[in-house]
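We count residues from 1, following the sequence as given.
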Amino acid sequence: MDAYKLWVRKNRDLVRSLESLANGVTWILPERFGNSEIAPEAVYALLGIVSSVNQHIIETPNDGQEQSIPWPLVVSILKDAEAVVEVAAQHFVGDDRKWGFLAVTEAVKACVRLAAFRESGYRMLLQGGEVENEEEDIVADNHGVKSNGVPFIYPMNGHAQNGHEIGSNGLDGKDGFISKSLEGRAVAALNKFGQNAKMMSDPMLMTRLQPTPVLPVMEVEKPTLATIWSSKGVSGRLFMLGEAVHIFRPLVYVLMIRKFGIKSWTPWLVSLAVELTSLGIHSHATDLNHRAGKVHHLSSAERDELKRRKMMWALYAMRDPFFANYTKRHLEKAEKTLNPVPLVGFLISKLVELVEGAQSRYTYTSGS
């Protein structure tokens, strides 16, 4: 495995080119959207999983340190595996009974995303948790609260907490934070060098510092949900609630389909209502912060994520019953109009075929 990781890191451009070529070829496989064809979907999912693993290897620093559970990688693998679960369930138990298997898959994904949400310090999930939110935190006030509402933890043993490393001497000689960036570590190193030089030039200071015993102190545990909930305030709690609503939206959608059927408007409307509720809660939380005069601003990545979620609303035009009643009708009209045009008619026919095939799969239109 170590040899494979080394090869991927050395040949990252080649690996990405091969992955793009292989993924493109799978879309022209025969019976790509056939009900009885599990193999093409399994191949496509396998390539997606391999691509996610390779990307994780490239982005993970090779420093020999033990890494925590790579939640973004787990989410990516589950999303790729879900397509195979849908095709296999559709083949073996039928269209109506496949929703139970999809509900189980969405429940697992929701649990993984909740774990990633907690591990990130209750930051917004980017692209459904497939991208880690590593935006630097900015202190909002002098009460030990970060910009996302999570309280700073000040351990006395210098171990990292809440995504930061604790230095024994800050710029003012007191306990401070060392940034993970190269600039932050360089400043900390220069500051440490200055402190050592000051002690060497002052023997009395060294004499006073030497007898001081250093007692081992237990590590401060990671703040619990109750601790963070109490420290965030109303806006922070709304932010967490909005993110939790967004995480459970796909599961609610599948459960509604399982109960009412894919042709019913109830799942479509409930899913849209949950989506709008999540966005509304996020917007209201941000407005409350501005009114209170706090410096709680969304990072650029989080603002882009909210824009991406709004753009994903276009998928509602691909979901039944809206697709069957409206979108499909317009696609067929465009195909009939452009069909006599050489080459263009052929391309439009293939495009409509792909759209209709993709629309028949929950995995491709769920937005989860």
Side-chain angles (χ1 to χ4, degrees), residues 18-55 72-113 127-130 247-264 267-268 271 312 314-324 327-328 331 349-368:
L18 291 176
E19 289 170 355
S20 300
L21 177 62
N23 288 331
V25 170
T26 58
W27 279 93
I28 59 175
L29 289 174
E31 300 296 333
R32 177 68 172 82
F33 296 103
N35 291 333
S36 61
E37 282 294 327
I38 303 176
E41 196 65 54
V43 171
Y44 185 75
L46 180 62
L47 289 174
I49 292 173
V50 172
S51 177
S52 299
V53 171
N54 290 339
Q55 188 65 27
L73 177 61
V74 177
V75 173
S76 299
I77 292 175
L78 286 174
K79 290 185 68 173
D80 289 322
E82 187 177 26
V84 182
V85 171
E86 179 181 6
V87 175
Q90 186 174 348
H91 176 73
F92 290 109
V93 300
D95 288 336
D96 294 335
R97 299 177 60 186
K98 73 176 183 179
W99 299 108
F101 294 90
L102 289 173
V104 172
T105 307
E106 288 293 356
V108 174
K109 287 167 60 179
C111 292
V112 171
R113 282 167 173 157
Q127 296 186 21
E130 290 187 86
I247 289 173
F248 281 103
R249 197 275 312 167
L251 178 59
V252 173
Y253 180 49
V254 173
L255 291 176
M256 291 291 102
I257 294 176
R258 187 169 181 263
K259 181 176 181 180
F260 296 100
I262 189 65
K263 299 299 182 180
S264 173
W268 193 90
S271 177
M312 295 292 285
L315 288 175
Y316 282 92
M318 294 289 293
R319 298 172 190 164
D320 283 331
F322 190 95
F323 180 85
T327 309
K328 186 176 181 179
L331 286 175
S349 297
K350 285 296 181 183
L351 177 62
V352 171
E353 180 183 350
L354 283 174
V355 169
E356 291 181 349
Q359 188 276 333
S360 64
R361 299 280 171 80
Y362 161 82
T363 310
Y364 296 140
T365 61
S366 64
S368 65

Novice: Holding to side-chain hydrogen bond (donor to acceptor under 3.5 Å, both in side chains), I want the full list of residues that pass it with Glu106, two or more places apart in sequence or in another chain.
Specialist: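 Listed in chain order: Tyr362, Ser368.
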
Novice: Determine whether Val355 and Lys328 make a side-chain contact, defined as any pair of heavy atoms from C-beta on separated by less than 4.5 Å.
Specialist: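 A side-chain contact is absent here, since even the closest heavy-atom pair is not under 4.5 Å.
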
Novice: Please confirm whether the backbone N or O of Tyr253 pairs with a side-chain atom of Ser271, one donor and one acceptor, at under 3.5 Å?
Specialist: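 Absent.
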
Novice: Could you check whether any side-chain N or O of Ser76 sits under 3.5 Å from a backbone N or O of Pro72, counting only pairs where one atom can act as donor and the other as acceptor?
Specialist: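 Answer holds: yes.
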
Novice: Looking at CE of Met318 and OG of Ser366, how far apart are the two atoms once the value is rounded to the nearest 0.5 Å?
Specialist: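 Reported value, rounded in 0.5 Å steps: 12.0 Å.
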
Novice: Counting N and O atoms only, with roles assigned by atom type, does the side chain of Arg113 sit under 3.5 Å from a partner on the main chain of Val75, one being a donor and the other an acceptor?
Specialist: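 Not confirmed, Arg113 side chain does not pair with Val75 backbone.
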
Novice: Taking all heavy atoms of Gly357 and all of Ser360, pick out the closest pair and write down the distance.
Specialist: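 Taking every non-hydrogen atom into account, O-OG, 2.5 Å.
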
Novice: Measure across Leu78 and Val108 and return the closest heavy-atom pair with its distance rounded to 0.1 Å.
Specialist: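 Of all heavy-atom pairs spanning Leu78 and Val108, the closest is CD1-CG1, 4.0 Å.
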
Novice: Say you draw a straight line from OH of Tyr364 to CD of Glu82; how long is it, rounded to the nearest 0.5 Å?
Specialist: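 Separation between the atoms: 10.5 Å.
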
Novice: Please report the shortest heavy-atom distance between Ile49 and Asp80, naming the atom on each side.
Specialist: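 Closest approach of Ile49 to Asp80, heavy atoms only: N-OD2, 3.4 Å.
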
Novice: Drop me the distance from Leu47's CG to Ser52's OG, to the nearest 0.5 angstrom.
Specialist: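 If we round to the nearest 0.5 Å, Leu47:CG and Ser52:OG are 10.5 Å apart.
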
Novice: As an exercise, state the distance from CD of Gln359 to CG of Leu315, rounded to the nearest 0.5 Å.
Specialist: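 Result: 11.0 Å between the selected atoms.
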
Novice: Sub-3.5 Å donor-acceptor pair from the side chain of Glu86 to the main-chain atoms of Thr363, do we have one?
Specialist: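 Checking the backbone N and O of Thr363 against the side chain of Glu86, a donor-acceptor pair under 3.5 Å is found.
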
Novice: Should the heavy atoms of other residues, nucleotides or ligands under 6.0 Å from CZ of Phe322 be counted, would the total exceed 12?
Specialist: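 Counting neighbours around CZ of Phe322, more than 12 heavy atoms of other residues, nucleotides or ligands fall under 6.0 Å, so yes.
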
Novice: Could you check if a side-chain atom of Leu251 sits within less than 4.5 angstrom of a side-chain atom of Lys109, using non-hydrogen atoms only?
Specialist: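 No - every pair of side-chain heavy atoms lies 4.5 Å or more apart.
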
Novice: Considering non-hydrogen atoms only, spot the tightest contact between Trp268 and Pro321 and give its length.
Specialist: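 Shortest heavy-atom separation between Trp268 and Pro321 comes out as CB-CD, 4.1 Å.
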
Novice: Is there a side-chain contact between Leu354 and Lys350 in this structure, where contact means two heavy atoms from C-beta onward sitting under 4.5 Å apart?
Specialist: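 The answer is no; the side chains never approach within 4.5 Å.
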
Novice: Looking at Lys98 and Ala89, what are the two nearest heavy atoms and their distance?
Specialist: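 Where Lys98 meets Ala89 most closely, the heavy atoms are CB-CB, 3.7 Å.
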
Novice: Determine the minimum heavy-atom distance between Leu102 and Val254, stating which atoms define it.
Specialist: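 Heavy atoms only, the tightest pair is C-CG1, 4.0 Å.
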
Novice: Please report the interatomic distance NZ(Lys263) to CG(Asp320), rounded to the nearest 0.5 Å.
Specialist: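 Taking NZ in Lys263 and CG in Asp320, the distance rounds to 4.0 Å.
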
Novice: With a cut-off of under 6.0 Å to the ring centre and 45° to the axis, is Arg319 in cation-pi contact with Tyr316?
Specialist: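 Flagged: Arg319 positioned over aromatic ring of Tyr316.
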
Novice: To the nearest 0.5 angstrom, please state how far the CD atom of Glu130 sits from the CG atom of Leu73.
Specialist: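 Going from CD on Glu130 over to CG on Leu73, the span is 10.0 Å.
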
Novice: Would you call Phe323 and Glu356 a side-chain contact if the rule is heavy atoms closer than 4.5 Å?
Specialist: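 Yes, at least one pair of side-chain atoms sits under 4.5 Å.
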
